Protein chains: 2
Amino acid sequence: MELDDRKFKILEAVIRNYLQTGEPVGSRTISKDSDMALSSATIRNEMADLEEMGYIIQPHTSAGRIPTDKGYRLYVDSILRQKEHEISRRDALIKKRENELAKIKEEYASKMDRVEEVMQAVARTLANDTNYTTMISSSVGGGHKIKFVQLSRVEQHKLLVVIVMENNIIRNKVFMISETLSDESLLKLNMMLNTTVTGLTVEELERQLVRLERENGSQPLLREVLDIIFETVRNADDVQIVTGGTTNIFKYPELCVSEIARDLITALEDKKGLSSLISPVSPDDGSIRFYIGEETPVKSMKDCSVVTATYELSDGVSGTIGIIGPKRMDYEMVVETLNNIRMRLDDLFKKS
Amino acid sequence: MELDDRKFKILEAVIRNYLQTGEPVGSRTISKDSDMALSSATIRNEMADLEEMGYIIQPHTSAGRIPTDKGYRLYVDSILRQKEHEISRRDALIKKRENELAKIKEEYASKMDRVEEVMQAVARTLANDTNYTTMISSSVGGGHKIKFVQLSRVEQHKLLVVIVMENNIIRNKVFMISETLSDESLLKLNMMLNTTVTGLTVEELERQLVRLERENGSQPLLREVLDIIFETVRNADDVQIVTGGTTNIFKYPELCVSEIARDLITALEDKKGLSSLISPVSPDDGSIRFYIGEETPVKSMKDCSVVTATYELSDGVSGTIGIIGPKRMDYEMVVETLNNIRMRLDDLFKKS
DNA sequence: GTTAGCACTCATTTGTTTTGAGTGCTAACA
DNA sequence: TGTTAGCACTCAAAACAAATGAGTGCTAAC
């Protein structure tokens, strides 16, 4: 069977309606609401076809139809295709978002060193605006350079190492050393670190490590310090994920079922699990990615849709923003929003 | 009416039973289960009295009784009173907890600089063990001393300040300066900082600030740096609260009602709100504090009980551990657990 | 190809009955 | 005087039974 234009229009109408109401939609509704001048009977025939083709389904015999994952997928793809031609609500949205972001910017300009906090703020704002749950990851894939390393003595046998990465993530670590270290040695060590380590990525650092350790094999202290730096940097280069608006899921009855809600919240707490929504970074076409229902890699989100977008900042830092909501989320709005925030995120982060 | 010994025993039996089942308990059950050789009729009479006195209540006419907040309170107080004489399950519990904590210790010994992470781990473990939701705060009331301050140049006009507090919380901040700063000036600044700032608490620092700024009034840079340090330290001295096992609330049907669950989770996300469970620090009698039902300062927890204990570490660091669960939580176990973890927490933190 | 009409389905709502756990009260008992 | 057996009573919850109505599929006519 062929999906002709009329069938598609009907499918679209069904989905649009379902997005709003969350209730199965019947032929009569479509016949009246849509601008196609067709009787309910005709619609009915078409809907039967659409069901046969797998785009919609009846929850039970005498109910209206609701979209299947396949139906959503078709709809979403079509939205994306015509997105660029649209201007619709964009103006209003942009204005709103600009205000919001200005607020974040102001409030957090002074805290830019704590990248997590900014992410947190963005996640929350975004969740507030969209009424969905959000997640933001930073630094997908690592590969950032070390900008600055410094070793200082905090107590007699206690050293502090501070590392600043180029994406302004700062890590520090206190550790004990067994031998005593003179001030000179510390100074020398610092100088050496800054000449050998600065500018390297984690991977490069790892390679460098092997070499350095071979050359200075006999210096256990140096070895120890380098190991700790490596460990710390690797840690800093980890993907960080923060979430916002977790409780927004309670706004959608279909997710309120206590079992579903519990699993969802558990999944949202488990940052490791979330990273599967990020890892398969597409070649940076900057595109937006949809996981509808069963498509998602996180099982407990099978009743949700997840929309992700990658952002890429000027200094090579990149990450992913995700929006998690019911399958009947307002995809258009979400796409707009994501596109938008992606652009502005750049400003925000560049500022520091 | 007087609450004689028999009445109390019956009340206790009712509560014990309800803690386990979560169902209203009738006179017949008590008559059979308890070791008092009394018929259900007699129990019934006593229960009628207990209800009149406000310790138990009938959810509806033909149902058994459930404890009121007042009933729980009586029960809890009595547990506390005889706690010291008991040894009951303690041995088994201690063993279990020792294992758990050993694991945390091992895993996190190397991360002790990130106090939050350790707290997080403890919270999670505790939640796992008890099946309730947990929260841990650190550094109630502030008043910690600054152990170490260091200023370094990251880029031409970008400085990094690192501050280590005596409780090993580390804070850092990157900030821009307008004027150029020579290496010497930086060195001098650092030396000055470490002589004037180290050893002060936030409050003392604030007072010091005023003085310093008067003396060196003309040095805008110094003023700027000091302000930033102050800001950062105040931030570091903030109460930090982490939670664990949020989703445990779904284990108790009476909390699963979507409205209650939503409000609870929202409350748990709102760390500021949680601090009201902490702020009224009792004169450090190290006692355990119970909030039963409506007694809690957090409205959305009116269907829960919250048990908190303060811990106090050797170096003057202190905080609060809280356990949040249904009103019918296993109070005895919770008390044991809290007493226990409080002792061990000391070890854990001292290690760093 | 479209539509009106009709019989049919079935989740949901509403009402009714049954069941049973639990009570309060009274009268008898120790 | 405190305890208990017995009985009538209450009421939530479970089970059952229409009634409702939104929505369908199919057929026959336009």
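Just so it is clear: chains get the letters A, B, ... in the order the sequence lines come, proteins before strands, and each one is counted from 1. Note that this is a predicted model, so its numbers are computed, not measured.
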Assign B:Ala41 to base, sugar-phosphate, or nothing according to its heavy-atom contacts below 4.0 angstrom with the strands shown. base
For the side chain of B:His60, starting at C-beta, report the closest nucleotide among C:dT3, C:dT23, D:dC11. D:dC11
How is A:Ser40 classified with respect to the nucleic acid when contacts are heavy atoms under 4.0 Å: base, sugar-phosphate, or nothing? nothing
Roughly how many Å is it from CD1 in B:Ile10 to P in D:dT3, rounded to a whole number? 10 Å
Roughly how many Å is it from CG in B:Asp4 to P in D:dG2, rounded to a whole number? 11 Å
For D:dA28, give the paired nucleotide (Watson-Crick: N1-N3 plus N6-O4 or O6-N4; G-U: N1-O2 and O6-N3; both under 3.5 Å), or none. C:dT3
C:dT3, D:dT4, D:dG25: which one has an atom nearest the side-chain heavy atoms of B:Thr42? D:dT4
Here's a test of your reading of the structure: between A:Thr61 and B:Ser62, which maps to the more 5' nucleotide of DNA chain D? B:Ser62
I'd like to know whether NZ of B:Lys7 has more than 12 heavy-atom contacts from other residues, nucleotides or ligands below 6.0 angstrom. yes
Is the closest basic N to carboxylate O distance between A:Arg16 and A:Glu332 below 4.0 Å? yes
Who does C:dT14 pair with, Watson-Crick or G-U, both distances under 3.5 Å? D:dA17
State whether the side chain of B:Ser275 and the backbone N or O of B:Ile278 hold a donor-acceptor pair below 3.5 Å, judged by distance alone. no
note: A:Lys7, atom NZ; C:dG1, atom C1'; distance rounded to Å ~ 12 Å
Whole-Å distance, B:Gln58 CD to D:dC11 C1', equals 11 Å
What is the distance from CZ of B:Arg44 to C1' of D:dT3, rounded to the nearest Å? 12 Å
Relative to the 5' end of DNA chain C, which residue comes earlier, B:Val25 or A:Glu46, by the nucleotide with the nearest heavy atom? A:Glu46
Find the distance A:Arg28:CZ to D:dG21:C1' and express it as a whole number of Å. 12 Å
Taking CZ in B:Arg28 as the centre, count heavy atoms belonging to other residues, nucleotides or ligands within less than 6.0 Å. Is the count above 12? no
Rounding to a whole Å, what distance do you find between B:Ile43:CD1 and C:dA21:P? 18 Å
Presence of B:Ser27 side-chain N/O under 4.0 Å of C:dT23 phosphate oxygens OP1/OP2: yes
To the nearest angstrom, how far is A:Met47 atom CE from D:dG25 atom C1'? 13 Å
Side-chain N,O (B:Arg65) to OP1/OP2 (C:dG22) below 4.0 Å: no
Has the side chain of B:Asn17 got a donor or acceptor atom that lies under 3.5 Å from a matching backbone atom of B:Thr29? no
